[in-house]
Amino acid sequence: MSEEICANIGPNERRRRLVGGFVFLLVTACVAGGLILFDAPRVWRLLVFLPAWGAAIGFFQVSAKTCVALAARGLKNMDTGDEAITDPRELSQVRAQSRGVHIRAALSAVAVAVLLTLLPL
């Protein structure tokens, strides 16, 4: 049984995270390209995990309408500044969504890093 998304960030805040996701995606591509171009040892390709995680966390925050940093502090920002989440059910839902964002982002970054490491380039 899935619950409805309980947003803790508004449209402007989501746009900021989307831009951040694209910036980290570009960094990921540059790091991956550099490692391949300079024929770095395959194990070094695992370094792509960090920027890939940054990109994924940005994109998944947008899709979940959930900022993980704000959720950890029990806050929301619906484009009018940070404010406390006072409803315990809302806070619980936002924190559950935040955990989901963290898990999906980590799994995505691991997949990118492992695939890049296994590429025969």
Side-chain angles (χ1 to χ4, degrees):
M1 178 163 124
S2 71
E3 295 185 35
E4 186 175 324
I5 289 179
C6 186
N8 81 335
I9 50 175
N12 291 336
E13 292 295 313
R14 289 194 300 272
R15 193 172 308 110
R16 287 181 55 214
R17 282 147 186 86
L18 184 63
V19 169
F22 279 114
V23 167
F24 272 103
L25 185 61
L26 180 61
V27 170
T28 302
C30 290
V31 169
L35 290 168
I36 291 170
L37 181 68
F38 292 109
D39 199 27
R42 284 181 183 260
V43 72
W44 282 92
R45 294 182 189 183
L46 293 173
L47 287 175
V48 81
F49 170 84
L50 293 173
W53 176 79
I57 212 104
F59 294 136
F60 287 125
Q61 285 182 111
V62 171
S63 68
K65 299 178 182 176
T66 304
C67 172
V68 296
L70 291 174
R73 296 183 352 237
L75 301 173
K76 62 182 173 181
N77 184 337
M78 304 309 287
D79 300 332
T80 58
D82 293 353
E83 56 187 85
I85 299 174
T86 56
D87 179 7
R89 289 175 52 185
E90 180 183 2
L91 181 57
S92 176
Q93 176 66 24
V94 166
R95 286 191 170 155
Q97 290 167 193
S98 175
R99 281 189 300 277
V101 167
H102 276 297
I103 291 167
R104 289 190 307 272
L107 291 174
S108 297
V110 166
V112 168
V114 168
L115 286 173
L116 183 66
T117 302
L118 296 177
L119 279 177
L121 300 173

Nearest 0.5 Å, what's the [atom1]-[atom2] distance between [X] and [Y]?
{"X": "I103", "Y": "S108", "atom1": "CD1", "atom2": "OG", "result": "11.5 Å"}
{"X": "R14", "Y": "M78", "atom1": "CZ", "atom2": "CE", "result": "6.5 Å"}
{"X": "I5", "Y": "Q93", "atom1": "CD1", "atom2": "CD", "result": "8.5 Å"}
{"X": "Q97", "Y": "H102", "atom1": "CD", "atom2": "NE2", "result": "12.5 Å"}

Any donor-acceptor pair under 3.5 Å linking the side chain of [X] with the backbone of [Y]?
{"X": "T28", "Y": "F24", "value": "yes"}
{"X": "S98", "Y": "V94", "value": "no"}
{"X": "E90", "Y": "I85", "value": "no"}
{"X": "D79", "Y": "N12", "value": "yes"}
{"X": "R17", "Y": "G58", "value": "no"}
{"X": "N8", "Y": "L75", "value": "yes"}

Minimum-distance pair of heavy atoms, taken over all atoms of Q61 and C67: OE1-CA, 3.1 Å
Identify the two heavy atoms, one from G81 and one from N77, that lie closest to each other, and give their separation to 0.1 Å. N-OD1, 3.3 Å
Tell me, do [X] and [Y] make a side-chain contact under 4.5 Å, heavy atoms counted?
{"X": "R42", "Y": "P120", "answer": "yes"}
{"X": "F49", "Y": "V112", "answer": "no"}
{"X": "V101", "Y": "I57", "answer": "yes"}
{"X": "L70", "Y": "K76", "answer": "no"}
{"X": "R16", "Y": "E13", "answer": "yes"}

Which residue pairs satisfy the ring-ring contact (aromatic ring centres under 6.0 Å, His included) criterion with at least one member in residues 55-76, sequence neighbours excluded? F22-F59
Among Ile, Leu, Val, Met, Phe, Trp and Tyr joined by side-chain contacts under 4.5 Å, find the other residues sharing a cluster with L26 and list them by chain and number. none
Connected via hydrophobic side-chain network under 4.5 Å: [X] and [Y]:
{"X": "V43", "Y": "L35", "value": "yes"}
{"X": "L115", "Y": "V110", "value": "no"}
{"X": "V48", "Y": "I36", "value": "yes"}

For L119, what residues pass the side chain to side chain contact (heavy atoms under 4.5 Å, CB included) criterion, not counting sequence neighbours? R45, L116, L121
